[in-house]
Amino acid sequence: MSQEPSSESDAATTAGDAPALPVLRLKHHEERRIAAGHLWIFSNEVDTTATPLSGFAPGALVAVRSYRDRFLGYAYVNPHALIAARILTRDAGLVPGPSLIVHRLRVALALRERLYAEPYYRLVHGESDALPGLVVDRYDDLLVAQIATAGMEAQKEAIVAALDKVVRPRVVVFKNDSGARELENLPKYIEAVRGELPATVTVREDGLAFTAPLADGQKTGWFYDQSANRRQFLPLVRGLGRVLDVFSYAGGWAVPAARGGAAVTCIDSSAAALEAARANAAANGTTVTTLRSDAFDALEAMHAARERFDAVIVDPPAFIKRRKDQGKGEAAYKRLNQLALQLLPRDGLLISCSCSYHLEPAALLDAIQKGARHLGRFVQVLASGGQGPDHPVHPAIPETRYLKAFLCRATHE
Ligand code: SAH
């Protein structure tokens, strides 16, 4: 086991040597969620008479205090965002700064080194690693970071210095192009702050090598969150004849399925994704067929052509990004799962995933079941999964648990 991380107080800049931070005061009774472990303070919970939000610059550090003046933690603020502040530490002796980030990174790295034999994983998963608004994915000596908040943007130099110190990477890229940045009034950009900006990232997963586009790719390049599900589900796909991977991206599901002997077809709307899927198949000594199309159109056309696949994998982008998309999004999951089930033979497998936090696991199962009933099919859930342990869940913050995946068998009634 790797070295145990130091305690928070070891890493502390003691409050005694540091200038006192300005206070952000909460309204009466609004400290309860924070006291229960949550890290977010919504703008309507702030006592704006005592501490007007307009008095803080985006990203400013504050000491959060209750209505009765109880110290709740140090946080960063964004006066323009609905989530007005996020707690960085509850230790009054630990004023946030470079040494806190170094400490948090060491704790995060200790977990991943314990879990993984090779340096390919999510190193920092935001709130769940007590670094709210920061994601870092590791591709050996290449790190791809994503900052979602003004508070973390203000810590960018300290983050880079901490990564240098704790991980000593060759390349550090900020892929700061996510939609979440708009909520914080942050510009979008992609930038290498150490080394040159590479066109691709290379991953090793379960003995296979994958290369995925970086600037033109999804997220940080790879979906580490699905690794554990692929490992759990793919053995059941081994030995099957035909497999369809819908929303295939760079072939994370398709390539190991093809290696297992299946004839695999990948569907994706992105030419770059499909090019990567073909190249990844070749690099691992196999082949996949690709079809560039909207997934819904392709599934309908395949149904009309009476095509059949022994297993269909559906791993779509989030259809419900915000609460207001709920109705439309749920309908899309239902339609998609029904279209996928329709392509299965008398006895086939469906791997169905959703990364929408707003879709409960039971709601995804309901989408599958409704589709199955509509088609007169009988579904059995054989296994279920979520994000891997490098994407830990913060028990007080339900938003940190977002991925669900089901392996189902569909037969006839
Ligand atoms: N299954 C992949 C991750 C999928 S990411 C993995 O495990 O790595 C979602 C993919 O869906 C992206 O590659 C994106 O290009 C594609 N996509 C998004 N909307 C689509 C649509 N309407 N039809 C087909 N592909 C789509």
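The residues of the chain are indexed from 1 along the displayed sequence. No hydrogens, no waters, no symmetry mates; every other heavy atom, side chains included, goes into these values. When a ligand or atom number is given, it counts from 1 through the structure's own listing order.
- The salt bridge (Lys or Arg N to Asp or Glu O under 4.0 Å) check on K27 picks up nothing, with sequence neighbours excluded.
- Panel note: side chain N176, backbone I147; a donor-acceptor pair is recorded below 3.5 Å.
- Residue pairs meeting the salt bridge (Lys or Arg N to Asp or Glu O under 4.0 Å) criterion with at least one member in residues 250-276: none, sequence neighbours excluded.
- Remark: R242 is positioned above the aromatic ring of F309, its terminal NZ or CZ atom under 6.0 angstrom from the ring centre and at most 45 degrees off the axis.
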side-chain contact (heavy atoms from CB on, under 4.5 Å) assessment of R230 paired with W253 = CA-CA 7 Å; R230 290 194 272 253; W253 292 94; 3.6 Å; yes
Extract all donor-acceptor atom pairs below 3.5 Å that involve side chains of residues 317-325 and protein atoms in other chains or at least two apart in sequence.
unit_1: K321; atom_1: NZ; unit_2: A318; atom_2: O; d: 3.4
unit_1: R323; atom_1: NH1; unit_2: Q326; atom_2: OE1; d: 3.4
unit_1: D325; atom_1: OD2; unit_2: K321; atom_2: N; d: 3.3
unit_1: D325; atom_1: OD2; unit_2: R322; atom_2: N; d: 3.2

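- Annotation: ligand 1 has protein neighbours Q218, F223, R230, F247, S248, Y249, W253, D268, S269, S270, S293, D294, A295, D315, P317, each with a heavy atom less than 4.0 angstrom from the ligand.
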